[in-house]
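One structure below.
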Amino acid sequence: MRPQICKPLAKFILLLLVSSLGATAQKNSSTIVFRNVTLIDMKNDYPKPNMTVFVSGNRISKMGRNIKIPKDVEVIDGTGKFLMPGLWDSYTYTLEAVKNNAPFFEMMIAHGVTGVRDAATSMELAEAERLQNDINAGRVIAPRLFYSGRYINGANLTETSLRTRPSFQARDANEAAAYVETLAHGGVDYINTGFYLPPEFLPAVVAAAKKYKLPVLSYAGYGYAKASDYGVNCIEHFADLSRSTSARREEYFAFNRDRRSVNMSVDEIYAFIKTVIDAPDKTFYEATLKTLARNKTCVTTNFSEFGLTRNPFDLTDLSRRRFKTKEQLERLEAAIVDKERQTRNNDMRASDADTIRHLQNISNLHKAGVPLLAGTQSTHRGLASPGIWLHDELYYFVKAGLSPFEALKTATVNPARFMRREKDLGTIEKGKLADLVLLDANPLLDISNTRKINAVVANGRYLSRELLDKMLNDVAALAKEK
């Protein structure tokens with residue numbers, strides 16, 4: 001059976017075939033040429049004007065200045081426009097969304113996200129692999145997909161949060177390593193270890209993953225430094241950085257290990273967390289940053305996922321609400337009321353000080369030389385604005401002190417390097433896969449210009465602004481029906 005895809009996507013694919021093939025019936029539809037475009041190739045931090053870029057099939061076949069253009073190709077006038085690599089969202093639960101017919105693929109493509117890393121899924125590995133193959137072959141228009149299957153966690157889990165589901169629950173290190181083998185044979189792109197994996201299992205997991213040349217990512221509820229020294233390639237959920245470098249970090253690790261949150265309210269959990277982060281250990285914090293940099297352990301952020309407590313965009317940009325179902329809108333209103341309650345109660349989740357601390361962590365990681373990946377932790381169970389949130393994440397990188405070029409690297413060059421696909425992706429170069437975004441303004445001058453999308457090239461397929469708007473209108477119509 002084919003993997004399920006959302007109704008708007010199925011309609012969009014039909015529209016795409018009719019529109020694009022009809023428009024290029026007299027041309028070589030397998031070749032597209034961007035003429036007189038300014039290139040943001042992500043190899044250097046300056047734009048290259050008056051460039052010509054050929055896309056043949058799904059790869060960049062030629063690029064340069066003063067290149068003769070054949071008459072039988074489709075030409076896109078790039079005058080006044082900027083061509084950059086497609087963006088990646090390196091922290092999502094996209095496959096669970098797809099299973100539940102949520103339009104993540106459509107929202108991401110329409111907002112220039114041409115690569116996505118799925119954190120964990122209960123989708124059968126064979127089904128995920130078929131979907132990935134369909135995307136790579138151009139049979140499905142969607143972001144390039146990288147997935148890990150289930151988290152590898154410890155045993156006897158009872159929580160129902162995404163920290164613990166979907167999980168494989170290993171009883172010992174040998175069982176954890178054996179499951180790595182199962183995942184590797186199932187075609188995964190990397191291994192993800194969950195919040196409750198006992199750290200003593202990690203060496204066996206890392207060793208098994210190395211055998212198959214698979215990177216290992218961890219939700220390190222036992223400490224960033226320990227995960228890095230065990231050989232983990234990347235750590236996600238960067239809120240734990242302050243917690244795992246606190247003078248009270250051992251209390252926090254015990255809290256996670258003993259799963260005390262099961263019998264606590266959310267307010268009680270964050271009240272405890274506040275006591276942890278209010279006791280910083282500057283020396284250990286700085287040593288942790290040096291450890292991450294020395295081991296080249298990357299960190300995936302999810303600042304925008306903090307949502308209404310720290311991200312004002314979902315409050316002020318009312319246009320996003322048209323993509324939410326009635327049930328999501330009700331939860332959004334409830335979240336707004338809860339934020340007001342948090343503010344009245346001086347809850348750290350709604351405090352300016354906590355926002356500043358997270359931004360400072362981003363800045364400190366970057367200055368220490370730790371590779372950063374932009375991610376949103378988008379899930380259909382939450383209030384995600386998939387695709388849109390990635391642009392929010394880039395905004396916060398710049399707010400934290402990164403230049404626009406440095407921020408863009410977190411969603412282009414760095415994720416390609418982490419997935420060990422830098423030969424094919426991450427920059428615009430001859431021979432690389434054609435995942436591209438055409439912008440109406442220069443993102444190196446203002447990071448908000450990444451939102452000004454004129455067109456998207458997904459795996460070599462040119463999607464005009466008209467087609468992208470059709471996708472978004474279909475998503476809005478579907479949300480209205482629910």
Side-chain angles (χ1 to χ4, degrees), residues 90-91 93 117-122 125 128 146-241 243-246 249-262 284 288 291-292 294-300 377 418-420:
S90 290
Y91 190 2
Y93 293 91
R117 181 175 62 74
D118 185 76
T121 182
S122 61
L125 291 178
F146 300 91
Y147 64 96
S148 65
R150 294 176 180 268
Y151 283 123
I152 303 178
N153 255 316
N156 303 317
L157 298 177
T158 57
E159 278 193 79
T160 59
S161 74
L162 279 172
R163 289 183 183 179
T164 59
R165 288 194 309 120
S167 291
F168 172 79
Q169 298 186 29
R171 290 169 293 187
D172 55 41
N174 289 334
E175 196 167 68
Y179 192 62
V180 171
E181 303 254 350
T182 298
L183 292 170
H185 290 302
V188 302
D189 300 291
Y190 71 102
I191 302 299
N192 202 351
T193 61
F195 194 73
Y196 294 118
L197 181 75
E200 59 269 23
F201 292 10
L202 261 180
V205 169
V206 170
K210 280 185 177 179
K211 193 168 130 185
Y212 293 96
K213 299 181 179 179
L214 293 172
V216 177
L217 189 142
S218 180
Y219 193 146
Y222 45 80
Y224 272 39
K226 183 176 288 188
S228 179
D229 279 338
Y230 273 138
V232 166
N233 303 101
C234 193
I235 300 169
E236 66 188 5
H237 201 270
F238 91 115
D240 276 332
L241 175 59
R243 305 169 194 178
S244 70
T245 55
S246 163
R249 58 187 174 273
E250 294 302 330
E251 293 178 55
Y252 178 65
F253 299 153
F255 176 84
N256 295 334
R257 183 178 61 248
D258 300 338
R259 302 165 195 171
R260 296 176 194 169
S261 61
V262 174
F284 187 73
T288 295
T291 296
L292 296 172
R294 181 182 66 249
N295 294 334
K296 299 180 180 178
T297 308
C298 63
V299 173
T300 306
Q377 202 177 2
F418 168 70
M419 290 309 314
R420 302 173 183 178

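Since this is a predicted model, take the numbers as computed values, not measurements.
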- Side chain to side chain, Arg117 and Tyr190, heavy atoms closer than 4.5 Å: yes

- Could you walk me through whether Thr245 and Tyr224 pass the side-chain contact (heavy atoms from CB on, under 4.5 Å) test, one step at a time? CA-CA 8 Å; Thr245 55; Tyr224 272 39; 5.7 Å; no

- Message: Looking at every heavy atom in both Ser122 and Pro166, which two are closest together, and how far apart are they?
- Response: N-CG, 3.3 Å

- Considering only heavy atoms from C-beta outward, does the side chain of Tyr230 approach that of Val216 to under 4.5 Å? no

- Note on the structure: Arg257 meets the side chain to side chain donor-acceptor pair (under 3.5 Å) criterion, sequence neighbours left out, with none

- Inspect the surroundings of CZ in Arg171 and state if more than 12 heavy atoms from other residues, nucleotides or ligands are less than 6.0 Å away. no

- Is Arg249 salt-bridged to Asp240, going by a charged N under 4.0 Å from an acidic O? no

- Any side-chain heavy-atom pair from Phe168 and Glu175 closer than 4.5 angstrom? yes

- Item | pair Val188-Tyr147: side-chain heavy atoms closer than 4.5 Å | yes

- Ser148 side chain to Ala119 backbone, donor-acceptor under 3.5 Å: yes

- Note on the structure: In terms of heavy-atom contacts, Ala177 and Ala204 come closest through CB-O, 3.8 Å

- Are any side-chain N or O atoms of Asp172 and backbone N or O atoms of Asn174, one a donor and one an acceptor, separated by less than 3.5 Å? yes

- Would you please name every residue forming a side chain to side chain donor-acceptor pair (under 3.5 Å) with Lys211, sequence neighbours left out? Glu181

- Query: Do Glu236 and Tyr219 get their side chains close enough for a donor-acceptor pair, meaning under 3.5 Å?
  - Reply: no

- Message: Here's a test for you: under side-chain contact (heavy atoms from CB on, under 4.5 Å), which of Leu217, Ile191, Leu202, Val205 qualifies with Val232?
- Response: Leu202

- Query: Is the closest side-chain heavy-atom distance between Tyr222 and Pro198 below 4.5 Å?
  - Reply: no

- Query: Do Tyr179 and Arg150 have side-chain atoms, one donor and one acceptor, less than 3.5 Å apart?
  - Reply: no

- Item | Mutual orientation of the aromatic rings belonging to Phe255 and Tyr252 [parallel < 30°, tilted 30-60°, perpendicular > 60°] | parallel

- When you look at Arg243 and Asn256, which way does the side-chain contact (heavy atoms from CB on, under 4.5 Å) test go after all the steps? CA-CA 11 Å; Arg243 305 169 194 178; Asn256 295 334; over 6 Å; no

- Query: Is the side chain of Asn153 donor-acceptor paired with the backbone N or O of Ser167 at a distance under 3.5 Å, no angle test?
  - Reply: no

- Message: Once side-chain contact (heavy atoms from CB on, under 4.5 Å) is applied, do any residues pair with Ser228, and if so which ones, sequence neighbours excluded?
- Response: Thr291, Leu292, Asn295, Thr297

- Item | Side-chain heavy-atom pair Tyr91, His237 within 4.5 angstrom cut-off | yes

- Message: Using the rule given for side-chain contact (heavy atoms from CB on, under 4.5 Å), can you reason through Ser244 versus Phe253, listing the C-alpha separation, both sets of side-chain angles and the distance that settles it, and then say yes or no?
- Response: CA-CA 8 Å; Ser244 70; Phe253 299 153; 3.7 Å; yes

